[in-house]
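Reading through the structure tokens given below for one structure.
Being a predicted model, the structure only gives us computed values, none of them experimental. Atoms within each ligand, like the ligands themselves, are counted from 1 in listed order.
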Amino acid sequence: MQTILIIDNGSQYTQLIARKIREANVYCEIHPYNKIPQITSEVKGVVISGSPYSVTDKDAPQIELDKYRGKLPVLGICYGAQYMVHCDKGVVEKSKIREYGRANLSFIDKECVLMQGVRENSQVWMSHGDTILELPQDFEVICSTQSVKNAGYKIKGEDTFALQFHPEVYHSEDGFILLKNFVEKICNCDCSWTPKNFVASTIERLKQQLGNDKVVLGLSGGVDSSVVAMLLHKAIGSNLHCVFVNNGLLRKNEFTSVLESYKDMGLNVKGVDASEEFYSVLKGVTDPEKKRKAIGAKFIDVFDNESNKIKDVKWLAQGTIYPDVIESSSTKGPSQTIKSHHNVGGLPSYMKLKIVEPLRSLFKDEVRRVGKELGLKSELLGRHPFPGPGLAIRILGEVTPEKVGILQEVDSIFIENLRKYNLYDKVWQAGAVLLPIQSVGVMGDERTYERVVALRAVESVDGMTADWSHLPYDFLANVSNEIINKVKGVNRVCYDISSKPPATIEWE
Ligand code: XMP
């Protein structure tokens, strides 16, 4: 498969480069500068990313340019641009003027293939501490801004280009055109990496890889595991054994409705109601991390038990996606765990199953597009993220079946109203939280002393940062009324107006 190699020097924007290149229907992979795999004939071009380092820093990323320059098309971005100049004895120095934020291209070399279709005066996004003062011999300027003469260059006699600004960020108006020119016109990629082709080639590959073997997959009701299930189902049919565990911490009616829709999709799925087992390990547990660990361990227990019932099963399928892969092999190593998120689905070594991960190379939005291609229902594809430990981390303090029941009712009123008012798709994630306090209220002539719930709805792109959703007051008023009128035991509703950071999306 035609591939663009992205050499990651630790820039915060590296993933964006990959996403933009894929938007041009070209497959690409990010690899840390110090862990570059063997270059195969599938690699059609190389992008050298930005970096938090300066080229003059002692521990700045070092790239083996000889391997690429003159042999493959190369595009250096920011640090990548400065690094190539530095290595050829040009002059790169700390910039004296501000080179951060928006700028406009005041000169464009119209003959240069990379720049075709880029408009004069087009806005670009600068973000660099170093600047290229002098280009080495054979390097030619292809674009400039008012304050940065060498905003972009090419190297004579090679397919090597570089830009000091960031074409991958949204604020670079014609940035996508630049990246598309690079992959299409310079690397000559055929731009055929579409969801349709991904589905066809993945099914073929899975058929080859799995033959007549049996595979077990834990379904969660979420997009990733559902897409994995459909791909495997198309490749190996009934040799795929799906297990959907009810941990008693799902949303109201979710277990039965999701199980039904899996069956409608033709999947060979077994629903296992282990609610009581989960409640029993959660008894007396109040610490959020201990809850997560207890739920994770119980899940493995139940799942292992079910897998053992499938005779001769050889593979475990997982819904790992590309951000998880990049995260665990990034230039700085896995980032610090703030919450033990990926706690469900870990594999005990004694299970001795081989792992198959058909979505390893996809970003979340690509998983959705593949799901659509596979005919997954839009309700399933558009579902809000929901944490593996479920309502347990939305019940502050000890989890009991009674509290789960109350929270399910509250949550269901909130979510149903979001749908009714056409707000569901505008919100990235929403849910309700049961607080460990009681509050005084009045109902008729009587004083009440009942529970308090908080509603949480956020807007986000990837869950890493989030802002609280500015839901309309009328909507909130209706939801609050309905909750207090209908859910016995709740007499107060609050709305969470904290952003992440410093708060997190979940309360625990
Ligand atoms: P936070 O609370 O860290 O959440 O802002 C970010 C995203 O991660 C989800 N989340 C979890 N998902 N297991 C999961 O599978 C967990 O333990 C967990 N904790 C938080 C959260 O719902 C949000 O989408």
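- Between Arg292, Glu506, Lys291, it is Arg292 that holds the heavy atom closest to atom 19 (N) of ligand 1.
- The heavy atom nearest to atom 11 (C) of ligand 1, considering only Pro387, Pro389, Pro501, Gly463, is found in Pro387.
- The aromatic rings of Trp193 and Tyr27 sit tilted, their planes meeting at an angle between 30° and 60°.
- Remark: the backbone N or O of Gly463 is paired with a side-chain donor or acceptor of Lys500 at under 3.5 angstrom.
- Looking at Lys500 next to ligand 1, an N or O pair under 3.5 Å apart turns up.
- On a distance-only criterion, Gly388 and ligand 1 share at least one N/O pair closer than 3.5 Å.
- Other residues, nucleotides and ligands place no more than 12 heavy atoms under 6.0 Å from the OH atom of Tyr170.
- Pairing each heavy atom of Ala457 with each of Val427, the nearest pair is CB-CG1, 4.0 Å.
- Atoms of ligand 1 lying under 4.0 Å from at least one heavy atom of Ile393, given by number and element, are 19 (N).
- A donor-acceptor pair under 3.5 Å is absent between the side-chain atoms of Gln318 and the main chain of Glu357, judged by distance alone.
- Residue contacts with ligand 1: Gln429 is placed with a nitrogen or oxygen under 3.5 Å of a nitrogen or oxygen of the ligand (distance criterion only).
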